[in-house]
There are 2 protein chains.
Amino acid sequence: MPYDPSAFPPFAVTVDLVVLTVRRHALCALAVRRGEPPFQGRWALPGGFVRADEDLAQAAARELAEETGLRVHDPSVPAQDNGAHLEQLATYGDPKRDPRMRVVSVAHLALAPDLPAPRAGGDASNARWAPVEELLRQGGYGRDAEPVAPLAFDHAQILSDGVERARSKIEYSSLATAFCPPEFTVGELRRVYEAVWGVALDPRNFHRKVTGTPGFLVPTGGTTTRQGGRPAQLFRAGGATLLNPPMLRPEV
Amino acid sequence: MPYDPSAFPPFAVTVDLVVLTVRRHALCALAVRRGEPPFQGRWALPGGFVRADEDLAQAAARELAEETGLRVHDPSVPAQDNGAHLEQLATYGDPKRDPRMRVVSVAHLALAPDLPAPRAGGDASNARWAPVEELLRQGGYGRDAEPVAPLAFDHAQILSDGVERARSKIEYSSLATAFCPPEFTVGELRRVYEAVWGVALDPRNFHRKVTGTPGFLVPTGGTTTRQGGRPAQLFRAGGATLLNPPMLRPEV
DNA sequence: ATCATAGTCGTCTGCCTGACGATAAACACT
DNA sequence: AGTGTTTATCGTCAGGCAGACGACTATGAT
């Protein structure tokens with residue numbers, strides 16, 4: 001068919017962010033409170049419109065910086081510190097997903113180490129880290145038994161997809177280190193896996209696995225005691241990005 | 001920030017399709033020849049605009065049916081035959097990817113059994129199955145040493161991503177059966193893996209692996225000789241979608 | 001001093017995979 | 001009919017890795 005500029009309908013394109021971190025042994029996501037309709041007062045994922053001259057990844061990185069102050073870890077600079085991992089997740093385009101107009105949202109997944117406090121344009125009450133389990137408990141009750149409204153739009157689906165991506169991707173990649181500070185111990189890394197998967201892992205087998213995989217961890221020489229008990233060696237993430245054989249997630 | 005209808009630029013949204021099949025022991029993709037500028041006369045991936053009232057998956061299924069006549073296999077109907085597998089791949093939105101205007105393309109990946117001949121609105125010369133290796137050989141030469149122009153737009157990148165997705169996904173899922181007819185032999189399934197991965201697999205170990213994984217294959221009772229040699233049992237795809245432990249891709 | 005807590009090193013067993021021998025059942029020849 | 005070729009299928013064996021778990025080490029708390 002020939003090209004006809006009037007043959008296509010206009011869309012709004014946004015990026016939405018699933019920003020995950022591990023806090024207090026729980027997998028948490030960044031949620032912002034909506035200030036205007038639709039879904040006014042409800043929690044939602046951070047996001048915004050893609051600008052006219054902006055790539056999708058650029059837009060996601062910009063929104064991430066606006067919401068959290070995080071800069072994106074550049075894979076070409078392996079030793080860079082405190083950067084978040086950012087990748088495209090999936091695109092959501094149901095015609096009715098936004099009642100105002102036709103919006104296609106390109107969701108991105110960001111993994112970050114534990115951060116101080118979230119900020120949303122300076123208004124802290126409008127952004128928070130919430131356990132994903134709580135955010136996905138549709139119409140249920142929060143930690144203090146207060147009622148929790150489901151996330152706005154289709155953001156529960158997006159969050160669920162992002163969590164599932166993170167859960168499966170730490171199996172076969174070194175992505176779990178993105179949840180850790182620049183230097184970390186084997187125990188801290190193990191607690192990341194335990195929080196993301198929601199399981200308990202054998203500390204001895206985990207230690208053997210991660211220290212025995214070439215390129216996964218490189219010792220920095222230092223030791224620390226951060227959780228009580230015997231001091232542990234400090235490591236940083238090695239150059240390897242793929243884990244082969246993978247870390248096995250215990251069934252059930 | 002408050003909602004402002006004039007605050008977002010309009011985008012065109014398209015779906016592009018990476019349609020893969022296995023023909024003559026080679027992984028092939030569907031390519032269509034562009035009839036108008038830009039990239040007139042060059043090969044491209046099939047695709048088109050998303051309509052105003054259409055979901056992204058619907059648009060992809062519609063384009064797939066228009067180009068190939070294939071219907072999409074509905075996962076809720078396990079015994080359905082001759083349907084293609086369709087899943088979202090990734091979204092490409094570089095501001096300069098289409099010189100005409102700002103276009104965001106939601107690429108989809110389709111896997112289909114070997115089909116008769118492609119049709120593109122009845123004009124067969126405008127659509128063909130080409131080995132992916134040939135389509136990705138940028139500026140190189142085809143099978144008959146004729147020069148080959150690279151794919152239009154960023155379609156080489158999209159195709160490359162789709163092929164990589166297919167290569168990795170048949171490792172840990174039963175997706176390779178989507179390349180097979182409704183009933184197939186273990187040898188035919190093995191040739192799918194060999195074509196997609198570009199390696200040779202040991203027939204004995206492969207047979208042990210696939211027949212030993214519960215729920216992967218169910219025997220239909222029949223036997224066939226399609227490649228010469230001793231007749232082989234016929235199977236159809238079982239209900240299992242995940243392979244655990246996965247099929248291991250030989251290194252290098 | 002004793003206990004609790006974490007980290008680290010070993011051992012053992014079972015499962016899975018890769019390498020490969022052997023047999024079975026068809027077809028194409030002579 | 002016999003022989004060779006091709007493909008399918010079953011078995012065997014050794015090595016690697018993961019799960020289960022014992023043992024020891026090094027810190028802080030009581």
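Throughout, protein chains are lettered first and strands after them, A, B, ... in sequence-line order, and every chain is numbered starting at 1.
Using a 4.5 Å cut-off on side-chain heavy atoms (C-beta onward), A:E164 and A:D161 make no contact. The closest side-chain heavy-atom distance from A:M247 to A:W197 is below 4.5 Å.
Screening B:L20, B:L45, B:V19 against B:L30 for a side-chain contact (heavy atoms from CB on, under 4.5 Å) leaves a single residue, B:V19.
Of the residues in residues 192-209 of chain A, those with a non-hydrogen atom less than 4.0 angstrom from any atom of DNA chain D are A:D202, A:R204, A:N205, A:R208, A:K209.
In this structure, B:S173 and B:L243 approach most closely via the heavy-atom pair O-CD2, 3.6 Å. Across B:L86 and B:H108, no two heavy atoms sit closer than the pair CD1-CB, 3.9 Å. Pairing each heavy atom of B:C180 with each of B:V192, the nearest pair is SG-CG2, 3.8 Å. For the pair A:L17 and A:L64, the tightest heavy-atom approach, listed with the atom from each and the gap, is CD1-N, 3.5 Å.
Summary of the strand contacts: B:R249 and B:T225 both lie near DNA chain C, and taking for each the nucleotide with the nearest heavy atom, the more 5' one is attributed to B:R249. Between A:P250 and A:G229, the residue whose closest nucleotide on DNA chain D is further toward the 5' end is A:P250.
When heavy atoms are screened at a 4.0 angstrom cut-off, B:R226 is found touching no nucleic acid atom at all. Nucleic acid contact class of A:R190 (heavy atoms, under 4.0 Å, all strands): sugar-phosphate only.
Read 5' to 3', the first and last nucleotides of DNA chain D with an atom closer than 4.0 Å to a heavy atom of chain A are D:dA18 to D:dT27. Note that the first and last nucleotides of DNA chain C, 5' to 3', having any atom under 4.0 angstrom from a heavy atom of chain A are C:dT5 to C:dT11.
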Next item on the list: Just do the side-chain contact (heavy atoms from CB on, under 4.5 Å) check on B:F235 and B:T177 with the steps written out, would you?
Entry: CA-CA 10 Å; B:F235 296 87; B:T177 60; over 6 Å; no
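A cation-pi contact, defined as under 6.0 Å to the ring centre and within 45° of the axis, is absent between B:R24 and B:W129.
A:T21 contributes a side-chain N or O that, together with a main-chain N or O of A:P113, makes up a donor-acceptor pair within less than 3.5 Å.
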